[in-house]
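What follows is one structure encoded as structure tokens, with my remarks underneath.
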Amino acid sequence: MLFKRIGIDLGTANVLVYERGKGVVVNEPSVVALAVRKNTIVHVGNDARSMLGRTPDGISIIRPMREGVIADYTITEAMLRHFIQKVCGRWRLSAPEVVICIPAGATSVEKRAVRDAAESAGARKPAHLIPEPLAAALGANIPVGSPRGNMVVDIGGGRCEAAVISMFGLVVSHSVRVAGDRLDDTIAAYIRRRHNLSIGDRMAEEVKLEVGAAMPLDQELRCQVRGRDLVTGLPKTITVTSTEISQAIADPLTQILATVRNVLERTPPELASDIIDQGIVLTGGGALLRRLDELIAQETGVPCYPAPDPLRCVAVGAGIALDYLEDIKRNLPADDETLVGAY
Ligand code: ADP
Ligand code: MG
């Protein structure tokens with residue numbers, strides 16, 4: 001075949017490209033550095049992210065995706081073009097066949113924007129759109145083609161999506177615009193309030209990665225936090241513990257739990273009993289938060305565990321979906337003309 005077949009996970013935090021036959025070939029943050037005066041892109045992905053919070057006036061760092069959907073269309077398209085060309089080259093004839101994921105809770109306008117961006121960024125027409133929870137489940141190796149109920153909860157940067165899937169279709173789903181970014185913001189607000197220290201987004205995320213936990217840990221962790229003292233205005237370092245962070249993020253976690261519970265409550269009884277047997281699978285970066293699986297299991301009474309390699313599930317699943325497009329199309333709701341290739 002002259003062209004490649006790829007799956008794209010266009011996430012709020014990270015963009016991943018999965019190439020059939022090769023695996024994940026791009027895995028970079030969804031960040032773009034823009035030269036403000038000339039309005040040109042200077043860096044995309046890793047290079048742009050390393051500049052976050054440390055740029056001179058003339059450069060602005062943009063995250064074009066917000067809460068799982070496109071916030072800045074032009075920049076998203078340019079970012080996609082950069083990654084697609086990196087994998088497939090610039091040659092028009094080699095335009096790849098693309099499966100790209102959209103949040104199950106996105107509006108039809110938001111879905112269309114993703115398709116348009118992918119196609120103008122170099123995808124072969126039509127670009128296929130599939131719901132993110134379905135891709136997450138495929139990538140987590142869950143037998144989604146079977147008539148059994150399977151439940152996934154994907155927690156990314158901007159959005160948490162919970163869904164029950166059976167026979168390649170979403171039976172019940174619900175999403176909330178609360179996920180990793182909100183945890184970071186909540187941590188920064190807490191440290192500001194409790195310790196009078198102002199910290200940047202990256203520092204807040206680092207604290208979450210180093211000591212973040214959904215419930216207090218048996219072995220308490222500590223980490224150093226650097227920021228600017230709000231009283232003196234000078235740089236300062238303090239220490240925070242996993243116990244205080246777990247308390248600080250209780251509120252956004254409650255919203256995530258409510259989303260999971262909402263889906264369980266609306267799941268038909270037969271499928272619910274399958275889910276009790278097989279458990280809830282967590283995907284996305286948020287699945288790595290310490291003890292989150294235990295918190296969900298405790299609060300819902302349903303076993304829960306993180307997928308192996310949760311950050312890659314959606315991209316791998318999008319790649320796998322290339323082989324199941326017909327099955328997926330068959331199970332879409334009749335009124336959904338925006339998905340999988342249909343115009
Ligand atoms: P998206 O699909 O929105 O791009 P990802 O699934 O790539 O998001 O996940 C990114 C989010 O996961 C970020 O908010 C990041 O801080 C968070 N994350 C990554 N690793 C961990 C970890 N070990 N513990 C908690 N959160 C994590
Ligand atoms: Mg994601």
Side-chain angles (χ1 to χ4, degrees), residues 7-18 24 26-32 45-46 49 52 63-71 76 79-80 83 99-106 114 130-140 152-163 173 175-188 200-215 217 221 223 242 245-246 248-249 252-253 256 281-296 306-318:
I8 301 179
D9 170 9
L10 178 61
T12 306
N14 299 295
V15 180
L16 283 78
V17 179
Y18 179 94
V24 173
V26 169
N27 182 358
E28 298 201 33
S30 323
V31 179
V32 173
N46 288 325
R49 185 185 151 91
L52 251 183
R63 293 180 55 187
M65 302 291 295
R66 282 270 160 226
E67 299 174 341
V69 295
I70 295 178
T76 301
M79 178 173 79
L80 271 177
F83 291 132
V99 164
I100 187 163
C101 301
I102 30 101
V114 171
I130 69 162
E132 214 154 337
L134 176 59
L138 279 165
V152 283
V153 177
D154 182 85
I155 303 167
R159 203 185 260 263
C160 162
E161 292 210 298
S173 70
S175 73
V176 56
R177 293 168 178 231
V178 172
D181 290 341
R182 181 69 65 84
L183 296 180
D184 301 348
D185 294 347
T186 309
I187 290 171
D201 293 350
R202 285 196 75 174
M203 192 71 227
E205 185 181 20
E206 237 168 77
V207 172
K208 176 181 70 179
L209 303 190
E210 279 198 33
V211 302
M215 298 197 283
L217 304 173
L221 300 173
C223 83
S242 51
I245 297 300
S246 69
I249 59 175
L253 291 181
I256 290 173
V281 177
L282 301 181
T283 64
L288 295 167
L289 184 71
R290 295 173 188 85
R291 296 196 76 186
L292 180 60
D293 50 344
E294 290 173 64
L295 179 67
I296 293 176
D309 215 352
L311 282 158
R312 289 171 182 243
C313 288
V314 170
V316 173

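In each ligand, atom 1 is the first atom listed, and ligand 1 is the first ligand listed. As the structure is a prediction and not an experimental result, all values here were calculated from the model.
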Atom pair CZ (R182) and SG (C160), whose distance is rounded to the nearest 0.5 Å: 12.0 Å
Min side-chain heavy-atom separation S30-M79 under 4.5 Å: yes
Atoms in ligand 1 with a heavy atom of L289 nearer than 4.0 Å: 24 (N), 25 (C)
G286 to ligand 1, any heavy atom closer than 4.0 Å: yes
Which residue and heavy atom of the protein sit nearest atom 2 (O) of ligand 1, plus the separation: G11 CA, 3.8 Å
Flag side-chain contact, heavy atom, 4.5 Å: L282 against P310: no
Protein contact to atom 21 (C) of ligand 1 [nearest heavy atom, distance to 0.1 Å]: L209 CD2, 3.2 Å
Side chain, backbone, both or neither: the part of V15 lying under 4.0 Å from ligand 1 by heavy atom: neither
Protein contact to atom 6 (O) of ligand 1 [nearest heavy atom, distance to 0.1 Å]: G285 N, 3.0 Å
Those atoms of ligand 1 less than 4.0 Å from some heavy atom in G180: 14 (O)
Non-hydrogen side-chain atoms of N27 and L311 separated by less than 4.5 Å: no
Protein contact of atom 7 (O) of ligand 1 - nearest heavy atom, named by residue and atom, plus distance: N14 ND2, 2.7 Å
Nearest non-hydrogen protein atom, atom 8 (O) of ligand 1: G157 N, 3.1 Å
D201, CG atom: more than 12 neighbouring heavy atoms under 6.0 Å: no
Closest non-hydrogen atom pair, A204 against D184: CB-O, 3.4 Å
Protein residue, atom and distance nearest to atom 10 (C) of ligand 1, heavy-atom basis: A13 CB, 3.6 Å
Side-chain heavy-atom pair R49, E28 within 4.5 angstrom cut-off: no
Polar atom proximity, D184 to ligand 1 (N or O, under 3.5 Å): no
Shortest non-hydrogen separation from R66 to D181 and the atoms involved: NH1-OD2, 4.4 Å
Between CD on residue E132 and CG on residue D9, distance to nearest 0.5 Å: 5.5 Å
Short N or O distance, L311 and ligand 1, threshold 3.5 Å exclusive: no
Ligand 1 to E205 polar contact by distance, N or O atoms, under 3.5 Å: yes
Rounded distance [0.5 Å steps], OG in S173 versus CG in D154: 12.0 Å
Nearest-neighbour protein heavy atom for atom 17 (C) of ligand 1, which is reported as residue plus atom name and distance: K208 NZ, 3.7 Å
E132, any N or O under 3.5 Å of ligand 1 N or O: no
Closest non-hydrogen atom pair between E210 and C223, with its separation: OE1-CB, 3.3 Å
For atom 23 (N) of ligand 1, the protein heavy atom that lies nearest, with its residue and separation: L288 CB, 3.3 Å
Numbering as shown, the atoms of ligand 1 that approach G284 to under 4.0 Å (heavy-atom distance): 6 (O)
